[in-house]
S.K.: 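Would you mind keeping the following structure in view while I ask a few things?
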Amino acid sequence: MNTSYAELHCHTNYSFHDGASSVEELLVRSKELGHRALAITDHDNLCGAMHFAQVANSLDVQAITGAEVTLTDGSHLTLLAETRQGYSNLSRIISYSYISGERRDPGFDLKHMPELAEGLILLTGCRQGRLPILLEQGHQARAQDQLRQYLDWFGTSNVFVELQQNLVQGDTRRNRQLVQLARETGVEVVATNNVHYHVRERHQLHECLVSIKHLKSLEESHRERRANSEFYLKSPQEMEELFSDYPEAVTTTLRIAERCSSFDLTKD
């Protein structure tokens, strides 16, 4: 079994209107592909976390508990619970998000982050993360300042610059900029695929869900829908090929998975 990769950014159907596969489908597929572990990182909620952990245990798959958190400016962060305290803090972060925002529009205020960083591993997010957005806008110095702020809050060993290669225009350039930023700051990079369905064919359902979310027809929701069908759960070999220029980004996933292996939501 090839265990050279762990998927650390995965949305189930608990990412309402944005995840097109069930917990069971994703975990079974992950086991078939031979992943070292699979993380649940649904949007602004932990609704599926216990279900995910229970099914993972039944399949002998390592489950990592996390979430993709929306900040008050609309940007995203990926957070993974390494410890019981990390899970507690992640729960509080999500609660604060809904106190600050609304049920359909949560937003976490980063001013609360220093007191809630313990036990969490931070990945800097998808193309909607603060760092990619700042780099896209040409604000390299501000992006570096933001990354250093994360390091101050979480510690160097707990922050990773997240790279994604979904074969969308701009991915290659963005990854090049992110890798440069990481090297300048002394931060490790990590590869994720921002999974929204377990097999490629399910992207059609995903497009329908996104259209429903925005109350638009498929024809009208082209801008809201994803650019292609590459957001499926990929094999370790596929990820190695996609990140052949940055092989360390793939191997880093294994070390993060190992760090999270001591926390089991069903027991802790």
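One is the number of the first residue; the rest follow in order along the sequence.
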S.K.: Do Ser244 and Glu241 have side chains that get closer than 4.5 Å, going by heavy atoms?
M.R.: no
S.K.: Is it true that Glu25 and Arg202 have a side-chain N and a carboxylate O under 4.0 angstrom from each other?
M.R.: yes
S.K.: Calculate, to the nearest 0.5 Å, the distance between atoms OH and OG belonging to Tyr5 and Ser30 respectively.
M.R.: 10.0 Å
S.K.: Residues two or more places apart in sequence or in another chain: which of them pass ring pair (Phe, Tyr, Trp, His ring centres under 6.0 Å) with His11?
M.R.: His9, His43, His196
S.K.: Please assess Gln144 against Leu147 for the test side-chain contact (heavy atoms from CB on, under 4.5 Å), listing each intermediate value before the final yes or no.
M.R.: CA-CA 5 Å; Gln144 189 173 81; Leu147 182 54; 5.7 Å; no
S.K.: May I ask you to test the Glu7-Thr253 pair for a side-chain heavy-atom distance under 4.5 Å?
M.R.: no
S.K.: Test side-chain contact (heavy atoms from CB on, under 4.5 Å) on Ser91 and Leu46 and set out the steps.
M.R.: CA-CA 7 Å; Ser91 299; Leu46 292 166; 3.5 Å; yes
S.K.: Can you check whether Val61's main-chain N or O pairs, donor with acceptor, with Lys31's side chain at less than 3.5 Å?
M.R.: no
S.K.: In the single-linkage hydrophobic clustering (I, L, V, M, F, W, Y; side-chain heavy atoms under 4.5 Å), do Leu77 and Val159 co-cluster?
M.R.: yes
S.K.: Identify the two heavy atoms, one from Ala257 and one from Ile64, that lie closest to each other, and give their separation to 0.1 Å.
M.R.: CA-CD1, 3.8 Å
S.K.: Do side-chain atoms of Asp42 reach the backbone of Glu68 as a donor and acceptor pair under 3.5 angstrom?
M.R.: no
S.K.: Just jot down the salt bridge (charged side-chain N to carboxylate O under 4.0 Å, His left out) partners of Glu24, sequence neighbours excluded, or say none.
M.R.: none
S.K.: Only pairs under 3.5 Å count here: list side-chain donor-acceptor contacts from residues 107-125, not counting sequence neighbours, and write none if there are none.
M.R.:
unit_1 : atom_1 : unit_2 : atom_2 : d
Asp109 : OD1    : Lys111 : N      : 3.1
Thr124 : OG1    : Glu162 : N      : 2.9

S.K.: Answer yes if the side chains of Tyr246 and Glu248 hold a donor-acceptor pair under 3.5 Å, and no otherwise.
M.R.: no
S.K.: Sort and list the pairs that fulfil salt bridge (Lys or Arg N to Asp or Glu O under 4.0 Å) and have at least one residue in residues 74-87, not counting sequence neighbours.
M.R.: Glu82-Arg259
S.K.: Would you confirm whether Ser100, through its side chain, and Ser97, through its main-chain N or O, come within 3.5 Å as a donor-acceptor pair?
M.R.: no
S.K.: Check step by step if side-chain contact (heavy atoms from CB on, under 4.5 Å) holds for Leu38 and Cys10.
M.R.: CA-CA 8 Å; Leu38 183 65; Cys10 180; 4.1 Å; yes
S.K.: What I want to check is whether the side chains of Ser4 and Glu240 have a donor and an acceptor closer together than 3.5 Å.
M.R.: yes
S.K.: Shortest non-hydrogen contact from Asn45 to Ala67?
M.R.: O-CB, 4.1 Å
S.K.: Mind checking the CD-CD1 spacing from Gln146 to Ile133? Nearest 0.5 Å is all I need.
M.R.: 10.5 Å
S.K.: When you compare the side chain of His76 with that of Arg127, does any pair of heavy atoms fall below 4.5 Å?
M.R.: no
S.K.: Identify the heavy atoms of Phe263 and Ala81 that sit nearest to each other, and give their distance.
M.R.: CD2-O, 4.2 Å
S.K.: I'd like to know if the side chain of Asp18 and the backbone of Val210 have a donor-acceptor N/O pair within less than 3.5 Å.
M.R.: no
S.K.: Using atom types as modelled and distance alone, determine if a side-chain donor or acceptor of Thr12 lies under 3.5 Å from a backbone N or O of Tyr14.
M.R.: yes
S.K.: Could you walk me through whether Arg255 and Glu258 pass salt bridge (charged side-chain N to carboxylate O under 4.0 Å, His left out), step by step?
M.R.: CA-CA 5 Å; Arg255 289 189 289 105; Glu258 180 61 31; over 6 Å; no
S.K.: Do Val195 and Val199 sit in one hydrophobic cluster, given that two such residues count as connected whenever their side-chain heavy atoms are within less than 4.5 Å of each other, even indirectly?
M.R.: no
S.K.: Shortest non-hydrogen contact from Gly129 to Pro132?
M.R.: O-CD, 3.2 Å
S.K.: If you look at every heavy atom in Ser235 and Leu33, which pair is closest and at what distance?
M.R.: CB-CD2, 3.9 Å
S.K.: Apply salt bridge (charged side-chain N to carboxylate O under 4.0 Å, His left out) to Asp73 and list each qualifying residue two or more places apart in sequence or on a separate chain.
M.R.: Arg130
S.K.: Residues in side chain to side chain donor-acceptor pair (under 3.5 Å) with Thr70, at least two apart?
M.R.: Asp44
S.K.: Any side-chain heavy atom of Gln164 within less than 4.5 Å of one from Asn193?
M.R.: no
S.K.: Given a cutoff of under 4.5 Å between side-chain heavy atoms of I, L, V, M, F, W and Y, with clusters grown through shared members, what are the other residues clustered with Leu209?
M.R.: Leu205
S.K.: Does the side-chain contact (heavy atoms from CB on, under 4.5 Å) test come out yes or no for Thr78 and Thr192, once each step is laid out?
M.R.: CA-CA 11 Å; Thr78 312; Thr192 74; over 6 Å; no
S.K.: In the structure I gave you, are the side-chain heavy atoms of Phe154 and Gln149 within less than 4.5 Å of one another anywhere?
M.R.: no
S.K.: Is there a donor in the side chain of Asn194 and an acceptor in the side chain of Asn166, or the other way round, less than 3.5 Å apart?
M.R.: no
S.K.: Holding to side chain to side chain contact (heavy atoms under 4.5 Å, CB included), I want the full list of residues that pass it with Leu167, two or more places apart in sequence or in another chain.
M.R.: Gln165, Asn228, Glu230, Leu242
S.K.: Counting C-beta onward and ignoring hydrogens, is there a side-chain heavy-atom pair between Val161 and Val190 closer than 4.5 Å?
M.R.: no
S.K.: Below 4.5 Å, heavy atoms only, C-beta onward: do Ile94 and Tyr98 meet side chain to side chain?
M.R.: yes
S.K.: Which residues pass the salt bridge (charged side-chain N to carboxylate O under 4.0 Å, His left out) test with Arg173, sequence neighbours left out?
M.R.: Glu136
S.K.: Regarding Gln62 and Ser261, is there a side-chain donor-to-acceptor distance under 3.5 Å anywhere?
M.R.: no
S.K.: For residues 45-59, which residue pairs pass the salt bridge (Lys or Arg N to Asp or Glu O under 4.0 Å) check, not counting sequence neighbours?
M.R.: none
S.K.: Rounded to the nearest 0.5 Å, how far apart are NE2 of His35 and CG of Leu27?
M.R.: 11.0 Å
S.K.: In the single-linkage hydrophobic clustering (I, L, V, M, F, W, Y; side-chain heavy atoms under 4.5 Å), do Tyr232 and Leu8 co-cluster?
M.R.: no
S.K.: Identify the heavy atoms of Ala6 and Leu254 that sit nearest to each other, and give their distance.
M.R.: N-CD2, 4.1 Å
S.K.: Taking the side chain as C-beta and beyond, is there a heavy-atom pair between Thr41 and Leu80 under 4.5 Å?
M.R.: yes
S.K.: Salt bridge check: are Arg174 and Asp171 linked by an N-O gap of less than 4.0 Å?
M.R.: yes
S.K.: CD/Glu188 to OG1/Thr252 distance, rounded to the nearest 0.5 angstrom?
M.R.: 5.0 Å
S.K.: Are Tyr150 and Ile93 grouped together when hydrophobic residues (ILVMFWY) are joined by side-chain heavy atoms under 4.5 angstrom apart?
M.R.: yes
S.K.: So, using ring pair (Phe, Tyr, Trp, His ring centres under 6.0 Å) as the criterion, who are the partners of Tyr197 when residues are at least two apart?
M.R.: His206
S.K.: Under 3.5 Å, is there a donor-acceptor pair between the side chain of His203 and the main chain of Arg200?
M.R.: yes
S.K.: Do Glu184 and Gln180 get their side chains close enough for a donor-acceptor pair, meaning under 3.5 Å?
M.R.: yes
S.K.: Give a yes or no on whether Leu71 and Leu178 share a hydrophobic cluster (residues Ile, Leu, Val, Met, Phe, Trp, Tyr; joining criterion: side-chain heavy atoms under 4.5 Å apart).
M.R.: yes
S.K.: Rounded to the nearest 0.5 Å, how far does CE of Met50 lie from CD1 of Ile40?
M.R.: 11.5 Å
S.K.: Ring pair (Phe, Tyr, Trp, His ring centres under 6.0 Å) with His198: which residues, sequence neighbours excluded?
M.R.: none
